Number of protein chains: 2
Amino acid sequence: MNVSFNKREPVYVQVVRHFKEQIATGNFEPGQEIPSRRELANQLKINPNTAQRAYKEMEVEGLIYTEGNNPSRITKDEKIIGTVREELIIQAVDSFIASIRPIDVPVEELVSLIKRKYTESGN
Amino acid sequence: MNVSFNKREPVYVQVVRHFKEQIATGNFEPGQEIPSRRELANQLKINPNTAQRAYKEMEVEGLIYTEGNNPSRITKDEKIIGTVREELIIQAVDSFIASIRPIDVPVEELVSLIKRKYTESGN
DNA sequence: ACCGGTGTATTAAACGTTTAATACGGTCTA
DNA sequence: TAGACCGTATTAAACGTTTAATACACCGGT
């Protein structure tokens, strides 16, 4: 569980995204138990309420579910799981396009840049 | 002068970026006069102090300069102007890479997506 | 000389969001 | 039945940004 926070974006949003990334890349199995609110808070050194808020949001979106007073679990709905990856990608791409379009960069220059930077070893 | 603000990012930051985009795309000539603080505030419906803060930042970065008590002007330093475009692009690309890398998307899928969306009429 | 426009500076208050503190009720188990 | 762990709820505090109110000095044209 490794999350580095930036301070401009709400922490709970970053936590949600982190979980989505895990789900999208298959690091979480459907139905898999996730850390309790309090345990997550401990691990990430955040307030339990912030963890709660993140989980609440994920629950509303159907990404996780809670039965009784047991730690929540990743949804078993494969359809939802499959959607997560696409949504993350689309959001990232759209946001990138929106930020780059005003600068009028030739698409080939862009592609070349991305290919090079994306392929570079893990930075 | 058309700027649409999102409310997550400080307004003055968005104003600065907007000006940088104008400079990067050549919409501003070197030495060209820009609106006074108070006029910009009127145009964008923001507080004069917010305009001042944006301009101050640009002045610190050498993008604009001020002589006497006249409205500020775009720098005549072509080197700085040339740099603006590169910086905007690098920043956008780096930020995109950072957000997309955790999802493990094949680079070709990415390139294909970007080409399609970027080429789509102005959305 | 005056008036209106510049840029600049300081200080305080308002505002919304995020985070924190705390408490409550449930369930399980030793 | 007591304790520990769950999720949940309510309220308060902290924080950063923005707004606001003023004030100052400067220059230019009337």
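Residue numbering restarts at 1 for every chain, and letters A, B, ... go by the order of the sequence lines. All heavy atoms count here, side chains included; hydrogens, waters and symmetry mates do not. This one's a predicted model, so the numbers in the text were calculated from it and none came from an experiment.
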message = Please tell me if B/N47 has a side-chain N or O lying less than 4.0 Å from either OP1 or OP2 of D/dA20.
response = yes
task = Examine C/dT6: is either OP1 or OP2 under 4.0 Å from a nitrogen or oxygen in the side chain of B/S36? Give yes or no.
result = yes
key: Which residue lies more 5' along DNA chain C, comparing A/N69 with A/R38 via nearest heavy atoms   = A/R38
key: In one Ile/Leu/Val/Met/Phe/Trp/Tyr side-chain cluster, 4.5 Å: B/L88, A/V107   = yes
Given [options], identify the nucleotide with an atom nearest to the side chain of [X].
X	options	result
B/K56	C/dG7, D/dT18, C/dA9	C/dA9
A/T50	C/dA20, D/dA20, C/dT8	C/dA20
A/R37	D/dT19, D/dT17, D/dT8	D/dT8

Using a 4.0 Å heavy-atom cut-off across all strands, classify [X] as base, sugar-phosphate, or nothing.
X	value
B/N49	base
B/E59	sugar-phosphate
B/Y12	sugar-phosphate

ask   = Nearest nucleotide by nearest heavy atom, which residue falls closer to the 5' end of DNA chain D, A/I34 or B/V11?
value = A/I34
remark   = Taken in chain and number order and not counting sequence neighbours, the residues that satisfy side chain to side chain donor-acceptor pair (under 3.5 Å) with A/N70 are none
message = Between B/E109 and A/R85 (salt bridge meaning N to carboxylate O under 4.0 Å), is one present in this structure?
response = yes
key: d(CG, A/N70; P, C/dT29) in whole Å   = 10 Å
request  = Let me know the distance between CD of A/Q52 and P of D/dT10, rounded to the nearest Å.
outcome  = 12 Å
query = Is the side chain of B/E9 donor-acceptor paired with the backbone N or O of B/Q14 at a distance under 3.5 Å, no angle test?
reply = no
